[in-house]
Asks: 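One structure is given below, represented as structure tokens, and several questions about it will come after.
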Amino acid sequence: MTFPSWYKSWWTNLYKENPVHVWIETVLILFLVYMIFFQQILSRRARASKAGGQGKGEQRALTEAEKEELILEWTPASLVPYNKEEEDEQGHVLHEQLKEQEIIIHKVLQGGKLVIEDKRPSLRSSKDTSCITDKEEKKDSSCSQPVSPSSPVKTRTVLNMCSHDFLGMSTNPALRTASKSALSVYGCGSCGPRGFYGTIDVHLDLEDEMSKFTNAEAAILYSDGASCSSSTVAAFAKRGDLLVVDEGIYEALGVGAGLSRANVHVFRHNDMKDLRRVLHRIQITDAKIGRSPNSQRRFIIVEGLYRNYGHIAPIDELVALKNEFSYRLIVDESFSFGTLGHTGRGTMEHYHKKVTRDVDICIISLENALGSIGGITVGNLEVVDHQRLSGAGYCFSASAPPFTASAAMASLACLKTNGHSLMKVLAEKRRLVYDGLRSIEGLMVMSDDESCIVLLTLDSSDSLSQDQEEWIYHQIVRNCLLEGGVIFGVSSSIRSKRGKEYTSRPPALKMTVTVAHSEQDLNMAIQTLQKAVKHVLSL
């Protein structure tokens, strides 16, 4: 019997015995054939229709978002012929000048001063290596001295105008006493992550004290300030969720948004009209595709005080928008806590808002105004308990050393007792600085008057590229350090990607105002900056 006749006989007998089984198998075979051949043909036709206007050579019109992305990605060709020798020479000069600006810190002093390695060419070549007394050093901050009798390295005392230690807590004797006591009791390390033998009573005490101070239900302590911000965002958002973020958020929040794998939408920096536009556009998209707002978690993410701009977020408007469009609000108070509000409780107090009632999640760094190490997130019990299992920085990083938690508790106790007087002193020094800076010809203040982070730009920079503008700022900072003994900073121009959108910020001069700075120091810093600006702009 041949194979065809045998197969026919087998198939006929099978049909007689179980016709239902045969019909099911036949349908399945036909379905497989359809999936293999016809579906591929249909998908190719659909792709061709989408890309080429159904084969008629028509191009699909780009959406506004695609146009914006192409514009941001486009780099114009230079109109000036490329000169490699000139570029190498300029790069070498900038590299050498930046090496001079590299600061090696030997000691942190009270009053916002640092003892740094002296790199001034005039003093390095000098034969006079005599030491000076402490009294002379206080009188003249530009003098140099050896670090020790056996060390040839020369140092100088300079005024630091770039510190985020806004309340001068890092040199507070109370913090040193608390840290020494904790070291004698607990030792240095914490032996593991919080969930694996790393939780110590001072960690729980600090969480309890912070939740009470911020009027929140609970708090969770992270061992690092940056990981606190990034881990908090990534703990609550996942792939498929929605984040609406300010384009000016600093790096830690941006990393958290990226790690979450959520859909990220960006609104213009501190622009509530543009935020409303973005939220309304999402609302229209929901209606078109029939998506319920409750089908995904949605957050608005901002900073209370923006590190890279010195602008204060309008929390009252943000709360109104998040309630209107049914979003949750995450506010990073890392740079506003200890600087805003009549007792230093940050933008929540500044705008008379409350955590959990108006703001869902609040992030606070211990590394700025509190002068310690680590970060804390405050919110309701559900927010905190969720992070104990989902916060990567909490679950997988070693917990904070006990002495840093003790130092933070000492800072918090000081803020509780003297918060009102500290905020009053800080406000007076801010006023002095802003009045002085506005008198400098050639510079323009970009920050809000109540911000302790001050950014300055050239008032006539329209004709300059961002690279040229940043070069001028580096020259000003270099002149201030070498000639005046004052450290300022440069906020570099950075272009970053938030989700599918690109954001950029212009370069600027940067300085900070702290309680530790005396009135004499601030006046000297302003005069030094004024001379440097006049010198550099006259070149």
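Reckoned from all heavy atoms, side chains included, excluding hydrogens, waters and symmetry mates. Nothing fancy with the numbering, it's 1 onward along the sequence.
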Asks: Under a 3.5 Å distance rule, please check whether S421 uses its side chain to pair with a backbone N or O of N418 as donor and acceptor.
Replies: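 Pair found, side chain donor or acceptor close to backbone of N418.
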
Asks: Excluding sequence neighbours, so at least two apart, what forms ring-ring contact (aromatic ring centres under 6.0 Å, His included) with H386?
Replies: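 For H386 the ring-ring contact (aromatic ring centres under 6.0 Å, His included) partners, ignoring immediate neighbours, are F236.
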
Asks: Are the side chain of S336 and the backbone N or O of G346 linked by a donor-acceptor pair below 3.5 Å?
Replies: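 Here the side-chain-to-backbone pair does not exist.
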
Asks: Less than 4.5 Å apart, any side-chain heavy atom of D332 and any of I249?
Replies: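 D332 vs I249: side chains apart.
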
Asks: Within 45° of the ring axis of F337 and under 6.0 Å from its six-membered ring centre, is that where the NZ or CZ of R345 lies?
Replies: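 Not satisfied by the 6.0 Å and 45° rule.
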
Asks: Does some side-chain heavy atom of V486 sit less than 4.5 Å from a side-chain heavy atom of V158?
Replies: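 No, their side chains stay 4.5 Å or more apart.
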
Asks: Assess whether a salt bridge exists between R276 and E324, defined as any Lys/Arg side-chain N lying under 4.0 Å from an Asp/Glu carboxylate O.
Replies: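 Looking at R276 and E324, the cut-off is met.
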
Asks: Quick one about E470 and S492 (side-chain donor to acceptor, distance below 3.5 Å, no hydrogens or angles considered), yes or no?
Replies: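 Short answer, yes.
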
Asks: Indicate yes or no for a side-chain donor-acceptor contact from S179 to the backbone of S406 under 3.5 Å, with no hydrogens or angles considered.
Replies: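 Side chain of S179 to backbone of S406, a donor-acceptor pair under 3.5 Å: no, none is there.
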
Asks: Under a 4.0 Å threshold between the charged nitrogen and the carboxylate oxygen, would D521 count as salt-bridged to K113?
Replies: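 Here K113 pairs with D521 in a salt bridge, since their nearest N and O are under 4.0 Å apart.
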
Asks: By side-chain contact (heavy atoms from CB on, under 4.5 Å), which residues pair with S184, not counting sequence neighbours?
Replies: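 Residues passing side-chain contact (heavy atoms from CB on, under 4.5 Å) with S184: none at all.
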
Asks: Look at the side chain of E333 and the backbone N and O of I364, then say whether any donor-acceptor pair between them is shorter than 3.5 Å.
Replies: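 No.
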
Asks: Answer yes or no: is there a donor N or O on one side and an acceptor on the other, between the side chain of Y394 and the main chain of P193, under 3.5 Å?
Replies: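 Checked: no pair found.
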
Asks: Classify the side-chain pair S223/S397 by whether it contains a donor and acceptor separated by less than 3.5 Å.
Replies: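 No donor-acceptor contact under 3.5 Å links the two side chains.
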
Asks: With a 4.5 Å heavy-atom cut-off, do Y327 and L242 have their side chains touching?
Replies: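 Yes; the side chains approach each other to less than 4.5 Å.
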
Asks: Mind checking whether T512 and C452 have side chains closer than 4.5 Å, heavy atoms only?
Replies: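 With C-beta onward as the side chain, the pair stays apart.
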
Asks: For V244, run the side-chain contact (heavy atoms from CB on, under 4.5 Å) check against L279, V264, V266 and tell me which one passes.
Replies: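 The residue from L279, V264, V266 that satisfies side-chain contact (heavy atoms from CB on, under 4.5 Å) with V244 turns out to be L279.
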
Asks: Classify the side-chain pair T347/H350 by whether it contains a donor and acceptor separated by less than 3.5 Å.
Replies: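 T347 vs H350: no donor-acceptor pair found between side chains.
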
Asks: Without swapping roles, check the side chain of Y434 against the backbone of D448 for a donor-acceptor pair under 3.5 Å.
Replies: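 The answer is yes, because a donor-acceptor pair under 3.5 Å joins these two groups.
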
Asks: By salt bridge (charged side-chain N to carboxylate O under 4.0 Å, His left out), which residues pair with E382, not counting sequence neighbours?
Replies: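 With neighbours one apart ignored, the set is empty.
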
Asks: For F335 and Y306, what are the C-alpha separation, side-chain angles and deciding distance, and is it a ring-ring contact (aromatic ring centres under 6.0 Å, His included)?
Replies: CA-CA 7 Å; F335 299 92; Y306 287 89; over 10 Å; no

Asks: Check whether more than 12 heavy atoms from other residues, nucleotides or ligands sit under 6.0 Å from atom CD1 of I373, and answer yes or no.
Replies: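 Incorrect, the count does not exceed 12.
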
Asks: Keeping N270 on the side-chain end and I312 on the backbone end, is there a donor-acceptor pair under 3.5 Å?
Replies: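 Answer holds: yes.
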
Asks: Under the criterion salt bridge (Lys or Arg N to Asp or Glu O under 4.0 Å), which of K354, R298, R297, K322 is the partner of D360?
Replies: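 In the set K354, R298, R297, K322, the residue that makes a salt bridge (Lys or Arg N to Asp or Glu O under 4.0 Å) with D360 is K322.
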
Asks: Please list, chain by chain and in numerical order, all residues satisfying ring-ring contact (aromatic ring centres under 6.0 Å, His included) with H311, sequence neighbours excluded.
Replies: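 Here the qualifying residues are H269, Y309.
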
Asks: Taking V383's backbone N and O only, do any of them form a donor-acceptor pair with N380's side chain (distance below 3.5 Å, no angle check)?
Replies: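 Present.
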
Asks: Using the side-chain hydrogen bond (donor to acceptor under 3.5 Å, both in side chains) rule, take S365 and S334 through it: C-alpha gap first, then chi angles, then the decisive distance, then the call.
Replies: CA-CA 4 Å; S365 174; S334 293; 4.6 Å; no

Asks: Would you say K510's side chain and F488's backbone share a donor-acceptor pair under 3.5 angstrom?
Replies: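 Not confirmed, K510 side chain does not pair with F488 backbone.
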
Asks: Checking the side chain of S190 only, and the main-chain atoms of S399 only, is there a donor and an acceptor separated by less than 3.5 Å?
Replies: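 Judged by distance alone, yes, a pair lies under 3.5 Å.
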
Asks: Is any NZ, NE, NH1 or NH2 atom of the basic residue among R438 and D449 found under 4.0 Å from an Asp or Glu carboxylate oxygen of the other?
Replies: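 Counted as a salt bridge, because a side-chain N and a carboxylate O are separated by less than 4.0 Å.
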
Asks: Could you list the residues that satisfy ring-ring contact (aromatic ring centres under 6.0 Å, His included) with F166, not counting sequence neighbours?
Replies: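 In terms of ring-ring contact (aromatic ring centres under 6.0 Å, His included), with neighbours along the sequence ignored, F166 is linked to H164.
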
Asks: Would the number of heavy atoms belonging to other residues, nucleotides or ligands and lying under 6.0 Å from CZ of R261 be above 12?
Replies: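 Open.
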
Asks: Check the pair S372 / E367 against side-chain hydrogen bond (donor to acceptor under 3.5 Å, both in side chains), numbers first and verdict last.
Replies: CA-CA 5 Å; S372 184; E367 300 172 357; over 6 Å; no

Asks: Enumerate the side chain to side chain donor-acceptor pair (under 3.5 Å) contacts for residues 193-211, please, sequence neighbours excluded, ordered by first and then second residue.
Replies: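 The answer is Y186-D201, R194-T199, R194-E207, E207-R388, D208-K212, E209-K416.
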
Asks: Answer with yes or no whether the side chains of S163 and D165 bring together a donor and an acceptor at under 3.5 Å.
Replies: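 No donor-acceptor contact under 3.5 Å links the two side chains.
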
Asks: Could you go through the side chain to side chain contact (heavy atoms under 4.5 Å, CB included) check for L340 and E349 one step at a time?
Replies: CA-CA 8 Å; L340 293 174; E349 186 177 55; over 6 Å; no

